[in-house]
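In what follows, a single structure is set out as structure tokens and then discussed.
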Amino acid sequence: MRILVTGGAGFIGSALVRHLIENSDHEVLNFDKLTYAGTLTSLATVSSSPRYRFKQGDVCDERAVGAAIEDFQPDVITHLAAESHVDRSIDGPGAFIQTNIVGTYTLLTKTLDYWRRLGEARQKSFRFHHISTDEVFGSLGETGYFTETTPYDPRSPYSASKASSDHLVSAWGHTFGLPVLVTNCSNNYGPYHFPEKLIPLMIVKALAGEPLPVYGNGANIRDWLFVEDHVRALQRVFEQGIPGQTYNVGGSSERRNIDVVNAICDALDQREPRNDGKSYKEQITYVPDRPGHDQRYAIDASKISSELDWEPLETFESGITRTVGWYLENRQWWGQILQATTAAQRRGLGG
Ligand code: NAD
């Protein structure tokens with residue numbers, strides 16, 4: 001099949017592109033604006049494949065989106081392009097409204113134009129797959145899980161913009177008959193993760209001998225999924241999922257933030273001990289919390305497991321070990337990013 005991936009130079013998008021080129025016969029067009037979060041070096045291992053192409057463009061740019069679709073003639077569009085960092089959405093929500101909502105609307109409009117002109121068989125097999133987050137469901141107390149029927153209750157500008165885009169996708173399915181799929185996934189981690197997000201930020205700060213800033217009391221809980229498990233789920237959903245359905249994707253790996261940071265320190269203590277023989281945990285410092293910080297997210301992934309036979313392959317422990325190993329072995333990848341951007345700076349205090 002011909003798969004158009006938006007946001008294919010980002011963290012999850014690049015993992016999906018690498019996975020499809022390395023493990024399938026699909027052809028891939030990566031359509032990405034290359035914002036601060038997009039890095040073509042994440043695609044170096046697959047960029048010379050004859051089944052891979054790249055087009056730089058903005059999902060809000062109707063002409064560029066239309067041209068990419070007409071030129072590539074996709075069988076599937078997987079939509080990952082987004083502004084993705086909650087802290088940035090507190091300081092500057094405008095870009096989130098633009099890319100996540102207007103961009104999704106633009107992509108849906110041009111997709112519908114294209115889809116309506118396909119023959120009957122290709123119309124039937126076409127899929128528009130929107131990649132979303134569990135953050136649209138709000139925050140949980142100590143118990144319970146998000147299921148596909150949990151009501152939406154987004155609380156940050158980021159999650160509100162993603163919730164909006166999920167509703168638009170659903171509306172294009174119901175109203176216009178476009179074969180749409182939505183997946184809502186928990187926190188991803190793994191190789192090529194931009195070093196502003198918790199796990200890679202802690203690794204690079206630990207190695208730099210800097211304080212490890214844990215928000216609030218470190219007790220907020222997230223469910224963590226290794227990115228390669230997520231992209232296997234995405235392929236399963238656009239190949240076998242039922243149009244109009246949504247699927248929750250999660251790792252059944254709930255951890256408090258402080259436990260995540262401790263696990264990173266333990267892995268680093270083993271792989272690259274500090275010169276003074278002390279643990280990297282000495283560098284942990286508690287800093288003011290994120291405003292509106294959701295307390296707990298937890299995913300019930302039983303639907304994708306029973307209906308599409310998907311399970312994560314990594315445990316949190318094996319995934320963290322792989323991730324820390326990757327950051328130790330790929331310092332050039334993140335060193336370049338830290339030099340070129342202000343990735344590691346504290347954001348989102350809402351002042
Ligand atoms: P990311 O920030 O690493 O990458 C986003 C990519 O989109 C970048 O390559 C960027 O250049 C591109 N992009 C941004 N604005 C664009 C625009 N206007 N036009 C075209 N390209 C644009 O994000 P990620 O972590 O890889 O997340 C990918 C998707 O998955 C997002 O939609 C996000 O909401 C969703 N998601 C992420 C997680 C997670 O833990 N990272 C969890 C669940 C869902």
Side-chain angles (χ1 to χ4, degrees), residues 4-18 29-43 54-62 64-65 68 77-89 94-107 110 129-137 146 154 156-166 169 182-200 222-231 233-234 246-251 253 260 297 299 301 319 323 337 341 343:
L4 194 161
V5 178
T6 73
F11 168 47
I12 302 171
S14 70
L16 177 63
V17 173
R18 291 191 304 273
L29 172 65
N30 170 13
F31 182 88
D32 196 297
K33 183 178 176 181
L34 298 183
T35 66
Y36 80 92
T39 318
L40 290 178
T41 51
S42 305
L43 294 154
F54 170 65
K55 181 83 192 147
Q56 186 168 7
D58 186 334
V59 286
C60 302
D61 178 346
E62 204 173 313
V65 170
I77 295 181
T78 56
H79 179 35
L80 295 102
E83 289 291 338
S84 69
H85 191 38
V86 176
D87 287 348
R88 286 182 190 258
S89 82
F96 290 71
I97 305 304
Q98 204 54 33
T99 287
N100 299 0
I101 306 178
V102 178
T104 301
Y105 158 73
T106 308
L107 186 62
K110 299 316 283 183
H129 180 181
H130 178 60
I131 285 66
S132 191
T133 167
D134 60 354
E135 301 189 28
V136 298
F137 299 122
F146 298 135
S156 73
Y158 165 67
S159 55
S161 69
K162 290 298 289 185
S164 250
S165 59
D166 292 6
V169 171
V182 176
T183 42
N184 296 90
C185 187
S186 59
N187 277 31
N188 283 216
Y189 68 99
Y192 300 99
H193 203 181
F194 194 82
E196 67 184 351
K197 306 280 168 61
L198 178 69
I199 289 179
R222 299 291 178 265
D223 168 45
W224 292 93
L225 180 68
F226 193 65
V227 68
E228 290 170 18
D229 281 325
H230 186 196
V231 302
L234 297 181
T246 71
Y247 298 89
N248 280 0
V249 187
S253 291
V260 171
Y297 304 144
I299 281 265
T323 304
I337 291 175
T341 67

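Read the numbers this way: they start at 1 and go in the same order the structure lists the ligands and their atoms.
- Looking at N248, its side chain does come within 3.5 Å of a backbone N or O of F146 through a donor-acceptor pair.
- For ligand 1, the atoms lying closer than 4.0 Å to a non-hydrogen atom of A9 are 9 (O).
- Backbone and side-chain nitrogen or oxygen atoms of V59 are examined, and one is located within less than 3.5 angstrom of a nitrogen or oxygen of ligand 1.
- For atom 26 (O) of ligand 1, the closest heavy atom belonging to the protein is I12 N, 2.7 Å.
- When the heavy atoms of D32, V102, L80, V136 are ranked by distance to atom 12 (C) of ligand 1, first place goes to D32.
- Using a 4.0 Å cut-off between heavy atoms, L34 contacts ligand 1 through its backbone alone, with no side-chain atom that close.
- Distance from atom 42 (C) of ligand 1 to its nearest protein heavy atom, with residue and atom name: S186 O, 3.4 Å.
- The N/O atoms of G10, backbone and side chain alike, include one that comes under 3.5 Å of an N/O atom in ligand 1.
- Taking every non-hydrogen atom of D58 and a distance limit under 4.0 Å, the qualifying atoms of ligand 1 come out as 17 (C), 18 (N), 19 (N).
- Between the N100 side chain and the Q98 main chain, no donor and acceptor come within less than 3.5 Å of each other.
- The single protein non-hydrogen atom nearest to atom 10 (C) of ligand 1 is T35 OG1, 3.3 Å, given as residue, atom name and distance.
- Cation-pi geometry between R88 and Y36 is satisfied (NZ or CZ under 6.0 Å from the ring centre, within 45° of the ring normal).
- For the side chain to side chain contact (heavy atoms under 4.5 Å, CB included) test with L225, the passing option among D223, V227, D229 is D229; the others fail.
- Looking at ligand 1, you'll find an N or O of S84 within less than 3.5 Å of one of its N or O atoms.
- Under a 4.0 Å criterion applied to the non-hydrogen atoms of G38, ligand 1 contributes the atoms 8 (C), 9 (O), 11 (O).
- Put simply, the side chain of K55 never gets that close to the backbone of V65: no donor and acceptor are under 3.5 Å apart.
- A side chain to side chain contact (heavy atoms under 4.5 Å, CB included) with H129 is found for exactly one of V5, V169, L234, namely L234.
- Using cut-offs of 30° and 60° for the angle between ring planes, the H193 and F11 rings count as parallel.
- Contact atoms of ligand 1 toward G57: 19 (N), 20 (C) (distance under 4.0 Å to a heavy atom of the residue).
- In H193, neither the side chain nor the backbone holds a heavy atom less than 4.0 Å from any atom of ligand 1.
- Regarding atom 40 (O) of ligand 1, its nearest protein heavy-atom neighbour is N188 N, 2.8 Å.
- Around OH of Y105, the count of heavy atoms belonging to other residues, nucleotides or ligands within 6.0 Å does not exceed 12.
- Using a 3.5 Å distance cut-off with no hydrogens or angles, the side chains of S165 and H130 do pair a donor with an acceptor.
- For S159 and S156, the side-chain atoms include at least one donor-acceptor pair closer than 3.5 Å.
- Near I131, with a cut-off below 4.0 Å to any heavy atom, the atoms of ligand 1 are 30 (O), 32 (O), 35 (C).
- Residue contact check: G7 has heavy atoms under 4.0 Å from atoms 6 (C), 7 (O) of ligand 1.
- Under the 30°/60° scheme for interplanar angles, the aromatic rings of F226 and Y189 are found to stand perpendicular.
- In terms of protein heavy-atom proximity, atom 3 (O) of ligand 1 is closest to F11 N, 3.0 Å.
- The protein heavy-atom contact nearest to atom 5 (C) of ligand 1 is A82 O, 3.5 Å.
- Neither the backbone nor the side chain of Y192 has a heavy atom within less than 4.0 Å of ligand 1.
- Protein heavy atom closest to atom 33 (C) of ligand 1, with residue, atom name and distance, is Y158 OH, 3.5 Å.
- The CG atom of N184 lies 12.5 Å from the OH atom of Y247; values are rounded to the nearest 0.5 Å.
- Nearest protein neighbour of atom 21 (N) of ligand 1, counting heavy atoms only, is K33 N, 3.1 Å.
- At distances below 3.5 Å, not a single donor-acceptor pair connects side-chain atoms of S186 with backbone N or O atoms of G250.
- For ligand 1, the polar-atom distance check against H79 finds no nitrogen or oxygen pair separated by under 3.5 Å.
- Among all heavy-atom pairs drawn from S89 and Y158, the shortest one is OG-N, 3.1 Å.
- A donor-acceptor pair is defined here as one N or O able to donate and one able to accept, closer than 3.5 Å; such a pair exists between the side chain of T6 and the backbone of L80.
- Interface of N187 with ligand 1, defined as ligand atoms under 4.0 Å from a residue heavy atom, comprises 40 (O).
- Remark: among candidates C185, S132, S165, the nearest residue to atom 44 (C) of ligand 1 is S132, based on non-hydrogen atoms.
- Remark: ligand 1 and K162 share an N or O pair separated by less than 3.5 Å (distance only, no angle test).
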